[in-house]
Number of protein chains: 2
Amino acid sequence: MTALDVAREAGVSQSAVSRAFTPGASVSEKTRTRVLAAAEKLGYRPNPLARSLMHGRSGIVGVGVGNMENPFFVRTLELLATALDAAGLRLMLFPATRDHDAEPSLQEVLHYRIDALVLLSVNLSSNLADQCRKARVPVIHFNRTSADAGTSSIIGDNAAGARTIAAHLLAGGHRAMAYMAGTPDSSTNRQREEAFTAALLSAGLPAPIIEHGHFTHEGAMAATRRLLLREDRPDALFCANDTMALAAISVARHELGLDVGREISIVGYDDVPMAAWPGFALTTFSQPCEGMVARTVEMIEALRREPESHAHHVAQGALVVRSSTRPVVARAR
Amino acid sequence: MTALDVAREAGVSQSAVSRAFTPGASVSEKTRTRVLAAAEKLGYRPNPLARSLMHGRSGIVGVGVGNMENPFFVRTLELLATALDAAGLRLMLFPATRDHDAEPSLQEVLHYRIDALVLLSVNLSSNLADQCRKARVPVIHFNRTSADAGTSSIIGDNAAGARTIAAHLLAGGHRAMAYMAGTPDSSTNRQREEAFTAALLSAGLPAPIIEHGHFTHEGAMAATRRLLLREDRPDALFCANDTMALAAISVARHELGLDVGREISIVGYDDVPMAAWPGFALTTFSQPCEGMVARTVEMIEALRREPESHAHHVAQGALVVRSSTRPVVARAR
DNA sequence: TTGAAAGCGCTAACAT
DNA sequence: ATGTTAGCGCTTTCAA
């Protein structure tokens, strides 16, 4: 079924068919309905591939995802798939894991004349950033910021989150704090680490002990062991995401026999579904995933009509207190 | 950068450029290298959109995914993204959840002239199946079978898995068995349920008590409560996937105070990463995800050259015994 | 083997 | 407001 078939059926020219399917085109109401009826009858829909060949945009959004081990990104991906779908856009997924070099994949994706590129916690090499700029493909960093000019970003307020967590642990009477870092070169990790450290310092405490868990379960298990087998074992641990915090709970409880929430407090970040399970009851800072995804799609739509309208959005979250942290003690006066 | 630019640079015709990039085309080695050099220099790659306009295939594989709550499918998706990428194919993801009617999304995806459609535990309406057949788009069901003729499938050997689980529970001395079903209309659920029931019957036991958990965490929590608050409480529970089994462990242990692995045995299916966590130590039947994905991509490649070559593959798995089930007792003679 | 030329299904100037 | 025409970047006859 091509536009020509519909044109014949409706007794109009082929371009009339095209116009009938183009939002702001100059067609009389009469021909439009006539064409739409014929199209309906023949089961015709304009071919997006042919269409994109003309105006250089395919209606596809490229989405690069790194760590799918983290349920927060899985949820994000799921919401994004639904939201893009509702917006009439297609989602082209490509792997962007650290080991499997993402460059060739992304380059390939770029050839599909994508309307936008969304990166879920993935860094963009400056080389690729250049290519996107030249190809006029807007880039949106999700849960990460980038130094590249001209890109957009959606992040949570990491500094506020880290400060809230610090305050909660301090109020619980903790003094020996540790921070389990994610990948050191991610803005998300840096912002959380810096704000947490600053909050401790300004409370008159030393900087936290730091171990690197690389945002993964495996990495966090090893980091937890290093941390909790020290002579000067910390009694509070802030992990830069929930995936690591859940691993830390496992190790603390099952390998080291610690009573989590009494002998040691553990806090995460994201509030993934598992954090609420009774076996974990993880205190964590919740990020508003739905809202962040909605903002992402709004940005894409804005970028489609105004390619230079990049923006940076910071979403607010909230601390969800469960029993993996010591209850707040009444402050002595 | 178009083929014409490259043609000028190489001093050949534009069609020579096209031929240089077409695998079995008739070009002299001389011109081919000449063209490839020019392309390299100019950073040219043929535009897949324009290419697909001609031969009706876009190099995109549509992937529909239902339940992303299940880490097994997340892992499958991740592996599939990588494997397709390595095969030079793009992955177009669309939501196919039960509530959000997948028909319009899929229809839209079909317009991109996809090379194949992969459905991860998703049923295809016969209407859509028809459309795929007419559009000559091969359909591959992953972890599910379908009655539609002409579609392919990749599944695990559900009957063997269920029988192995039944044998394991019987060897543990259990006599009061329950089965937590997934969605009743899925082939996967039916096969597991039927084989489990048959195994019990042939051992002289009654059919298992059945409750429906719909393959979800929430559904499984409710089902577990119904099951374990009965007068005649079962002492062994086979859940049709790990997501439900983990929920069952949570409820049994934290809400009902049961000692999982002694007072009640719980078994899952899939062997997701969490099953190995010490807090769960879930006995489960492992499905070879990597192999199943590799097979899927092989099928796609076969289908690309031989559109009628649909096939059905059954992968073998293995029982992974952990401590959520009672140890096997030495049989009295 | 190679180049010229005719589309693939559509959009967008250009006429009318 | 509508039809005619010229492409978008590529593949594929058809001649040479």
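Model, not experiment: these values are computed from the prediction.
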Legend entry - d(CG, B:Leu49; C1', D:dC10) in whole Å: 11 Å
Legend entry - Earlier contact from the 5' end, DNA chain D, for A:Val27 and B:Arg51: A:Val27
Legend entry - base_contact_polar (D:dT4 base, A:Ser15 side chain, donor-acceptor, <3.5 Å): yes
Inset, instruction - Respond yes when some side-chain nitrogen or oxygen of A:Ser18 is under 4.0 Å from OP1 or OP2 of C:dT11, and no when none is. - result: yes
Inset, instruction - Return the 5'-most residue of the pair B:Ser13, A:Gln14 with respect to DNA chain C, ranking by each residue's nearest nucleotide. - result: B:Ser13
Legend entry - DNA chain C: 5'-proximal contact among B:Lys30 and A:Ala50 (nearest heavy atom): B:Lys30
Legend entry - Phosphate contact (D:dG9 OP1 or OP2) by B:Thr2 side-chain N/O below 4.0 Å: no
Legend entry - Smallest separation among heavy atoms of B:Asn143 and B:Ile155, with atom names: C-CG2, 3.8 Å
Legend entry - Touch class at under 4.0 angstrom, heavy-atom based, for B:Val17 against every strand present: nothing
Legend entry - A:Arg113 (side chain) and D:dG9 (base): donor-acceptor pair under 3.5 Å: no
Legend entry - Nucleotide of C:dC10, C:dG3, C:dA13 approaching B:Val12 most closely (side-chain heavy atoms): C:dG3
Inset, instruction - Just call it for A:Thr31: base, sugar-phosphate, or nothing, with non-hydrogen atoms closer than 4.0 Å on any strand. - result: sugar-phosphate
Inset, instruction - Let me know the distance between CZ of A:Phe21 and P of C:dC10, rounded to the nearest Å. - result: 9 Å
Legend entry - B:Tyr44 side-chain proximity, nearest of D:dC10, C:dT1, C:dG9: D:dC10
Inset, instruction - Check whether any side-chain N or O of B:Tyr112 sits under 4.0 Å from OP1 or OP2 of C:dG9, and answer yes or no. - result: no
Legend entry - Atom-pair distance (CZ on B:Arg34; C1' on C:dT2), nearest Å: 13 Å
Inset, instruction - Give the minimum heavy-atom separation between A:Met92 and B:Ile60, together with the two atoms involved. - result: CE-CD1, 3.8 Å
Legend entry - B:Glu298/B:Arg295 ion pair, N-O < 4.0 Å: yes
Legend entry - Ion pair B:Asp115/B:Arg57, N-O distance below 4.0 Å: no
Inset, instruction - Quick one: label B:Ser26 by what it contacts on the DNA or RNA (base, sugar-phosphate, nothing), any heavy atom closer than 4.0 Å. - result: base
Legend entry - Interatomic distance, A:His55 NE2 vs C:dA12 P [rounded to whole Å]: 7 Å
Legend entry - Nearest-0.5 Å distance, CD of residue A:Gln191 to OG of residue A:Ser186: 8.5 Å
Inset, instruction - Whole angstrom is fine here: how far is it from CZ in B:Arg57 over to C1' in C:dG9? - result: 16 Å
Inset, instruction - To the nearest Å, give me how far apart CE (A:Met54) and P (C:dC10) are. - result: 13 Å
Legend entry - Length of the line joining A:Leu42:CG and C:dG9:P, which is rounded to integer Å: 14 Å
Legend entry - Nucleotide D:dT5, atom P - distance to CG of A:Leu4 in whole Å: 14 Å
Inset, instruction - Look up atom CZ in B:Phe73 and atom CD in B:Glu78, then write down how far apart they are to the nearest 0.5 Å. - result: 15.0 Å
